Amino acid sequence: MEVAPLDKVEKKQKPNPLSKKGQFFVFYGWNRAAYSNSDIHFQGNGYDFQLNNVSAQDRPTKFGIVYIDPSWFTVTQYNFRLGYFIKDNLALVLGIDHMKYVMDQNQTVDFKGHISDPQYAGMVQNGQVDLSDSQFLTFEHTDGLNYENLGLEKYKNLIHKKNIDLVWSYGAGIGVMFPKSNVKLFGNERSDRFHVAGMGTDIRSSLNLVFWKNWMIRVEGKAGYINMWDIKTTLNNKPDKAQQDFVFGQVLAGIGYTFNTKKHN
């Protein structure tokens with residue numbers, strides 16, 4: 001029986017990264033975020049009012065060891081991804097977006113509604129309230145504005161070289177908002193606890209530079225909508241709550257690793 005020469009034996013090629021069913025990847029990175037103005041509605045015992053067109057910013061941590069120290073990873077505005085390719089070039093992606101949202105303190109906003117407490121009702125002048133002295137309200141989601149999401153992403157290989165690939169992706173996601181909201185209203189004890197407060201959705205696109213088939217640098221942009229109808233504003237089980245919805249934008253970058261679940265020669 002004649003045996004084929006070794007150089008003529010057909011080898012099963014390892015698939016391109018981020019391209020084949022059965023591959024998966026993990027990713028960790030950091031983000032900056034921006035938010036549209038929003039109307040925030042507060043309800044509780046003795047008050048029911050809305051602050052209109054409230055502005056807010058993110059709060060990035062100053063660059064330092066905290067960005068690479070695992071014991072402090074939740075301090076930064078971080079992103080985590082776990083993706084699995086359910087079809088060629090189509091991945092199911094589980095993500096955590098840990099953003100931070102801080103109401104601008106130095107602003108005067110329109111007020112609509114009522115407050116029974118004369119001290120705080122007196123802070124409303126001509127249908128507006130000045131928030132700058134922090135006595136009326138401080139309002140943050142700083143540990144954080146947590147968007148826990150599930151998405152579908154489509155991948156397309158743009159450049160394929162021996163040790164480097166450039167892969168473009170696009171997709172969308174939906175998930176729950178699980179913020180730890182830091183709220184102090186009317187001088188009450190500060191509320192600061194995790195709670196499922198609403199839902200979010202997003203569209204996203206990324207460029208992925210893959211080295212040596214496995215290591216990945218990702219840069220991603222995304223835009224989305226958040227609606228939180230049950231933000232806790234007290235430490236106890238009182239029905240006090242706040243509601244808000246807004247549009248957000250986010251850019252993120254970080255490093256990941258891709259795996260193959262099947263052996264290849």
Side-chain angles (χ1 to χ4, degrees), residues 30-64 66 74-78 97-147 177-195 197-198 200 224-236 238 240-251:
W30 303 272
N31 68 70
R32 289 297 309 268
Y35 311 105
S36 67
N37 291 357
S38 68
D39 300 337
I40 310 177
H41 187 189
F42 294 86
Q43 292 176 289
N45 185 24
Y47 62 90
D48 187 344
F49 67 90
Q50 182 170 291
L51 303 181
N52 293 330
N53 209 31
V54 179
S55 64
Q57 311 292 330
D58 69 348
R59 181 181 284 171
T61 304
K62 186 177 179 181
F63 185 76
V66 66
T74 61
V75 174
T76 62
Q77 298 180 178
Y78 71 86
D97 291 22
H98 178 83
M99 299 175 282
K100 296 188 178 184
Y101 176 104
V102 183
M103 182 189 75
D104 292 330
Q105 205 64 56
N106 188 27
Q107 62 179 312
T108 298
V109 297
D110 292 337
F111 174 98
K112 180 175 66 175
H114 76 272
I115 302 171
S116 60
D117 188 318
Q119 176 184 353
Y120 296 100
M123 295 182 179
V124 180
Q125 300 292 327
N126 300 317
Q128 293 186 316
V129 58
D130 184 356
L131 303 174
S132 59
D133 64 2
S134 303
Q135 297 301 307
F136 190 91
L137 173 70
T138 60
F139 188 89
E140 305 177 358
H141 311 292
T142 45
D143 198 24
L145 183 65
N146 299 309
Y147 172 42
M177 303 305 303
F178 189 56
K180 189 178 185 185
S181 302
N182 185 334
V183 182
K184 189 173 183 180
L185 177 65
F186 299 162
N188 292 320
E189 189 175 3
R190 185 180 68 182
S191 174
D192 189 12
R193 56 174 165 149
F194 290 105
H195 179 71
Y225 170 72
I226 288 171
N227 190 323
M228 294 187 290
W229 54 83
D230 191 23
I231 302 166
K232 294 302 182 185
T233 58
T234 59
L235 281 176
N236 51 37
K238 290 181 180 180
D240 304 63
K241 66 178 182 179
Q243 301 167 289
Q244 68 174 152
D245 67 312
F246 52 88
V247 173
F248 75 94
Q250 184 189 145
V251 292

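In this text, all values refer to a predicted model and were calculated from it rather than measured experimentally.
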Colleague: Does Glu140 have any side chain to side chain contact (heavy atoms under 4.5 Å, CB included) partners at least two apart in sequence or in another chain, and if so, which?
Modeller: Arg59, Val102, Thr142, Asn182
Colleague: List the residues meeting side chain to side chain contact (heavy atoms under 4.5 Å, CB included) with Ala56, not counting sequence neighbours, and say none if there are none.
Modeller: Tyr101
Colleague: For residues Tyr147 and Tyr78, establish whether the separation of their ring centroids is below 6.0 Å.
Modeller: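 That pair fails the under 6.0 Å test.
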Colleague: Between Gln77 and Asn31, is there a donor-acceptor pair closer than 3.5 Å when you use the side chain of the first and the backbone of the second?
Modeller: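 It does hold such a pair.
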Colleague: Who pairs with Asp230 by salt bridge (Lys or Arg N to Asp or Glu O under 4.0 Å), at least two apart in sequence or on another chain?
Modeller: Lys232
Colleague: Stepwise, does the side-chain contact (heavy atoms from CB on, under 4.5 Å) test hold for His141 with Val183?
Modeller: CA-CA 8 Å; His141 311 292; Val183 182; 5.7 Å; no
Colleague: What I want to check is whether the side chains of Ser38 and Gln244 have a donor and an acceptor closer together than 3.5 Å.
Modeller: yes
Colleague: In a check of side-chain contact (heavy atoms from CB on, under 4.5 Å) between Val109 and each of Asp130, Asn37, Asn53, Val54, which one passes?
Modeller: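 It is Val54; the other options fail the test.
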Colleague: I'd like to check the side chain to side chain contact (heavy atoms under 4.5 Å, CB included) partners of Lys180; sequence neighbours left out, ordered by chain and number.
Modeller: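 Lys180 satisfies side chain to side chain contact (heavy atoms under 4.5 Å, CB included) with Asp143, Asp192, Phe194 once adjacent residues are dropped.
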Colleague: Of all residues at least two apart in sequence or in a different chain, which pass the side chain to side chain contact (heavy atoms under 4.5 Å, CB included) check with Asp245?
Modeller: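 Result, side chain to side chain contact (heavy atoms under 4.5 Å, CB included) vs Asp245: Tyr225, Asn227.
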Colleague: Taking side-chain hydrogen bond (donor to acceptor under 3.5 Å, both in side chains) as the test, write out the residues that go with Asp104, two or more places apart.
Modeller: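 Ser55, Gln57.
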Colleague: Who pairs with Tyr47 by side-chain hydrogen bond (donor to acceptor under 3.5 Å, both in side chains), at least two apart in sequence or on another chain?
Modeller: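 For Tyr47, the residues satisfying side-chain hydrogen bond (donor to acceptor under 3.5 Å, both in side chains) (neighbours in sequence not counted) are Asp240.
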Colleague: First locate atom CZ of Phe111, then atom CD of Gln128, and finally report the distance between them rounded to the nearest 0.5 Å.
Modeller: 12.0 Å
Colleague: Between Ile40 and Phe139, which heavy-atom pair has the shortest distance, and what is it?
Modeller: CD1-CE2, 3.9 Å
Colleague: Are there over 12 heavy-atom neighbours, none belonging to Asn45, within less than 6.0 Å of that residue's CG?
Modeller: no
Colleague: Going by atom type alone, with no hydrogens or angles, which donor-acceptor pairs under 3.5 Å involve a side-chain atom of residues 112-123 and a protein atom two or more places apart or on another chain?
Modeller:
unit_1: Ser116; atom_1: OG; unit_2: Gly46; atom_2: O; d: 2.9
unit_1: Asp117; atom_1: OD1; unit_2: Gln119; atom_2: N; d: 2.9
unit_1: Tyr120; atom_1: OH; unit_2: Phe186; atom_2: O; d: 2.9

Colleague: So, using side-chain hydrogen bond (donor to acceptor under 3.5 Å, both in side chains) as the criterion, who are the partners of Gln50 when residues are at least two apart?
Modeller: Asn52
Colleague: Applying side-chain contact (heavy atoms from CB on, under 4.5 Å) to Met177 and Ile226, what does each step give before you reach the verdict?
Modeller: CA-CA 8 Å; Met177 303 305 303; Ile226 288 171; 3.7 Å; yes
Colleague: Can you list every pair that meets salt bridge (Lys or Arg N to Asp or Glu O under 4.0 Å) and has a residue in residues 30-50, with sequence neighbours left out?
Modeller: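 For residues 30-50, and leaving out neighbouring residues, the salt bridge (Lys or Arg N to Asp or Glu O under 4.0 Å) pairs sorted by first residue read Arg32-Asp58.
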Colleague: Does the gap between the ring centers of Tyr35 and Phe248 come in under 6.0 Å?
Modeller: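 That pair fails the under 6.0 Å test.
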Colleague: If the condition is side-chain hydrogen bond (donor to acceptor under 3.5 Å, both in side chains), which residues does Gln135 pass it with, not counting sequence neighbours?
Modeller: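 If we apply the side-chain hydrogen bond (donor to acceptor under 3.5 Å, both in side chains) test to Gln135, skipping adjacent residues, there are no hits.
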Colleague: Check salt bridge (Lys or Arg N to Asp or Glu O under 4.0 Å) between Lys184 and all other residues, then give those that pass, not counting sequence neighbours.
Modeller: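 Per chain and number, Lys184 pairs via salt bridge (Lys or Arg N to Asp or Glu O under 4.0 Å) with no residue.
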Colleague: Pick from Thr108, Leu51, Asp110, Leu137: which one makes a side-chain contact (heavy atoms from CB on, under 4.5 Å) with Val129?
Modeller: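 Only match with Val129 under side-chain contact (heavy atoms from CB on, under 4.5 Å): Leu51.
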Colleague: First locate atom CE of Met228, then atom CD of Gln243, and finally report the distance between them rounded to the nearest 0.5 Å.
Modeller: 11.0 Å
Colleague: Working note: Ile231 + His195, criterion side-chain contact (heavy atoms from CB on, under 4.5 Å); need CA distance, chi angles, decisive distance, verdict.
Modeller: CA-CA 8 Å; Ile231 302 166; His195 179 71; over 6 Å; no
